[in-house]
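For reference, the structure is listed below as structure tokens.
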Amino acid sequence: MTLAPELDLTRTSAVDLAAMIRAGTVTAAEVADSCLRRVDALDGELHAFVERTDDLAREQAAAVDAAVARGDDPGPLAGIPIAIKDLIATAGIVTRNGSVAYQDWVPDEDDIVVERVRNAGALILGKTTVPEFGYSGVGHNPVSPAARNPWNPALTPGGSSAGSAVAVATGMAPLALGSDGGGSVRIPASLCGLVGFKASMGRVPLYPGCRDERYPGVSSWESLEHIGPMTRTVGDAALLMSVIAGPDPRDRHSLPAGDTEWLRCIGDDSVERVAGLRIAYSPDLGYLPVDPAVREVVGSAVSALERLGATVAEVDTGIEDSRRHFWPMVMADTDLVGMRNMVAEYGDRMSPHLVELIRHPWTAEDLTTAQMVRKRVVNQVARLMRDHDLLITPTLAVPAFPVGMQGPELIDGQMVDSGSWLGFLNIFNMTGQPAISVPAGHTTDGLPVGMQIVGRHLADGDVLTAAAAFERTQPWRDRWPATPTTGTEEAGLSR
């Protein structure tokens with residue numbers, strides 16, 4: 001089969017690729033080869049992948065093409081390449097978790113989401129770069145090269161789903177799976193110009209991640225963690241959600257299916273359905289320093305939703321600053337005995353900030369106070385959402401910053417701790433509400449800025465509908481970072 005010369009499969013949406021493969025206008029093998037060539041061209045500089053599975057992807061592509069040739073249904077993700085975050089278990093594929101302690105670990109079973117994308121016809125390209133066990137919002141770890149932002153390789157892509165974001169942002173993969181215990185899907189989505197969706201807690205079941213007590217580090221984050229799609233378009237995110245959402249008995253928190261029609265949420269009428277929504281907007285939650293460029297870009301994006309007929313009000317959210325209680329919440333979900341034994345054996349080869357966190361002399365009062373703060377924050381947010389359908393904030397307080405840092409210590413002229421830039425995110429892991437980061441625009445020097453849209457409890461459909469409507473009015477899918485195989489003009493750097 002010969003492709004039309006103008007068709008670049010690495011710049012084609014997952015929705016379109018699946019339709020083309022089913023129709024026989026392109027083969028899954030051609031799609032796989034295009035993405036693998038893209039990885040060959042770019043990953044030596046950007047380090048999205050820590051483990052490639054080229055042979056597996058080609059085998060899966062052959063199976064999809066054979067199904068199409070027989071007239072069988074190849075699945076909803078028919079022949080679409082996907083990158084898998086290296087905190088997500090993959091049977092038969094090494095899963096290092098960014099740690100020397102797991103550098104040779106090959107899981108004996110897939111995570112539920114991996115089972116589902118395999119069964120849906122996706123092609124697994126490999127495992128993507130993470131910070132150690134995901135305990136960071138950036139993309140470096142002690143065992144592999146740091147992931148780099150394709151918009152400027154001197155800068156971080158964010159994390160902890162770092163490599164997944166880099167892969168999608170550059171066309172190495174049209175789809176990726178990330179995980180989000182405190183923002184780790186939304187952070188790199190914002191810094192790399194992508195869609196990153198954290199659905200309601202329980203929409204996407206987790207196992208063995210968070211729930212297999214045999215594996216310290218892997219078994220952490222249970223009451224905070226979500227797995228979600230990282231894509232270039234809202235439609236692709238909805239497509240992946242239609243595959244990975246739904247209950248599983250191995251996750252006692254998983255929700256019944258059926259109350260959200262994922263693909264219906266992003267239909268042609270999304271713009272009309274945004275009209276009349278009541279949107280609360282907070283540029284800083286009342287206490288966060290925010291880079292002026294971020295304020296400007298997100299403020300302009302919110303105005304676009306207002307022009308669609310939504311009612312937008314800048315609000316005092318009434319949500320307290322709970323950031324110092326977040327890590328005690330994580331510790332309450334952690335196998336501290338197992339992690340401390342790991343630190344005793346490998347501590348000199350582990351990330352210093354993680355070692356410090358594990359060695360900290362946590363008290364019962366630290367952990368229980370954090371849980372009371374969490375309950376109070378959940379109630380504060382619920383009161384806010386009684387009068388609003390959606391809450392919009394910046395995703396992050398800053399654009400991308402240099403690789404190697406945990407976070408900037410100066411924002412808008414104020415000295416801050418290195419985690420301040422993440423202050424819009426982990427609240428909604430505490431509450432379990434649906435939240436998405438979508439590209440709001442770019443700074444004057446071309447760096448992406450994300451806008452976070454948060455819905456009421458279980459109102460995933462409203463979040464996706466608003467995101468789809470915004471995308472229709474301010475499309476971003478044709479804006480790409482300049483890379484070694486794309487010049488500045490082709491990348492569309494003048495919007």
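One-based numbering along the sequence shown.
Legend: residues meeting salt bridge (charged side-chain N to carboxylate O under 4.0 Å, His left out) with Asp387, ordered by chain and number and at least two apart, are absent. Partners of Phe401 according to the ring pair (Phe, Tyr, Trp, His ring centres under 6.0 Å) rule, which considers only residues two or more places apart in sequence or in another chain, are Trp421.
For the pair Arg203 and Trp262, the cation-pi criterion (under 6.0 Å, within 45° of the ring axis) is not fulfilled.
The list of salt bridge (charged side-chain N to carboxylate O under 4.0 Å, His left out) pairs with a residue in residues 204-223, not counting sequence neighbours, reads Arg211-Glu222, Arg211-Asp251, Asp212-Arg214, Glu222-Arg252. Residue pairs meeting the ring-ring contact (aromatic ring centres under 6.0 Å, His included) criterion with at least one member in residues 168-193, sequence neighbours excluded, do not occur. Under the ring-ring contact (aromatic ring centres under 6.0 Å, His included) criterion, the residue pairs touching residues 184-219 are Trp105-Tyr215, with sequence neighbours excluded.
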For Ser420 and Arg323, run side-chain hydrogen bond (donor to acceptor under 3.5 Å, both in side chains): C-alpha distance rounded to whole Å, both residues' side-chain angles, the deciding distance at 0.1 Å, then the answer.
-> CA-CA 8 Å; Ser420 180; Arg323 287 174 294 160; 3.2 Å; yes
Does the pair Asp366 and Thr363 meet the rule for a side-chain hydrogen bond (donor to acceptor under 3.5 Å, both in side chains), with working shown?
-> CA-CA 5 Å; Asp366 291 331; Thr363 68; 3.1 Å; yes
Applying side chain to side chain contact (heavy atoms under 4.5 Å, CB included), run through Thr156 and Met405 and close with a yes or a no.
-> CA-CA 8 Å; Thr156 183; Met405 299 172 62; over 6 Å; no
Evaluate the side-chain hydrogen bond (donor to acceptor under 3.5 Å, both in side chains) criterion for residues Ser136 and Gln406: first the C-alpha distance (whole Å), next the side-chain angles of each, then the deciding distance (0.1 Å), finally the verdict.
-> CA-CA 7 Å; Ser136 176; Gln406 289 295 327; 2.8 Å; yes
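Between Lys198 and Asp460, no side-chain nitrogen of the basic residue sits less than 4.0 Å from a carboxylate oxygen of the acidic one, so the salt-bridge criterion is not met. A salt bridge is defined here as a Lys NZ or Arg NE, NH1 or NH2 lying under 4.0 Å from an Asp or Glu carboxylate O, and Arg38 with Asp43 fails to meet this definition. Checked for salt-bridge contact, Arg250 and Glu115 meet the test: a charged N lies under 4.0 Å from a carboxylate O.
The closest side-chain donor-acceptor pair between Lys85 and Ser161 falls under 3.5 angstrom. With hydrogens and angles left out, the side-chain atoms of Glu320 and Ser322 include no donor and acceptor closer than 3.5 Å. The closest side-chain donor-acceptor pair between Asn97 and Asp86, if any, does not fall under 3.5 angstrom. Inspection of the Thr95 and Thr90 side chains reveals an N or O donor paired with an N or O acceptor under 3.5 Å. For Thr128 and Ser164, the side-chain atoms include at least one donor-acceptor pair closer than 3.5 Å. Side-chain polar atoms of Asn141 and Ser144 form a donor-acceptor pair below 3.5 angstrom. Side chains of Gln452 and Ser437: no donor on one and acceptor on the other come within 3.5 Å. Defined by atom type and a distance below 3.5 Å, a donor-acceptor pair is present between the side-chain atoms of Ser223 and Asp333.
For His226 (side chain) and Leu224 (main-chain N/O), a donor-acceptor pair under 3.5 Å exists by modelled atom type. At least one donor-acceptor pair under 3.5 Å links the side chain of Arg116 to the backbone N or O of Ile244. The backbone N or O of Val114 sits nowhere less than 3.5 Å from a side-chain atom of Asp111 that would complete a donor-acceptor pair. Of the possible polar contacts, none joining the Glu314 side chain to the Tyr281 backbone as a donor-acceptor pair under 3.5 Å is found. In terms of modelled atom types and a separation under 3.5 Å, the side chain of Trp151 and the main chain of Pro157 share no donor-acceptor contact.
Across all non-hydrogen atoms, the minimal contact from Gly181 to Phe326 is O-CZ, 3.6 Å. Across every non-hydrogen atom of Thr53 and Gly126, the tightest pair is OG1-N, 3.2 Å. Nearest approach of Val290 to Asp412, heavy atoms of both residues: O-CB, 3.4 Å. Residues Asp110 and Ala91 share a closest heavy-atom pair of OD1-N, 2.7 Å. What you find for Ile187 and Gly158 is that their closest heavy atoms are CG2-CA, 3.9 Å.
Looking only at side-chain heavy atoms (C-beta outward), Pro434 and Ser200 come within less than 4.5 Å of each other.
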When the side chains of residues 352-359 are checked against the rest of the protein, which donor-acceptor pairs come out under 3.5 Å, sequence neighbours left out?
{"unit_1": "His353", "atom_1": "NE2", "unit_2": "Tyr135", "atom_2": "O", "d": "2.8"}

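Atoms CG and CG, from Leu240 and Leu77 in turn, are 6.0 Å apart once rounded to the nearest 0.5 Å.
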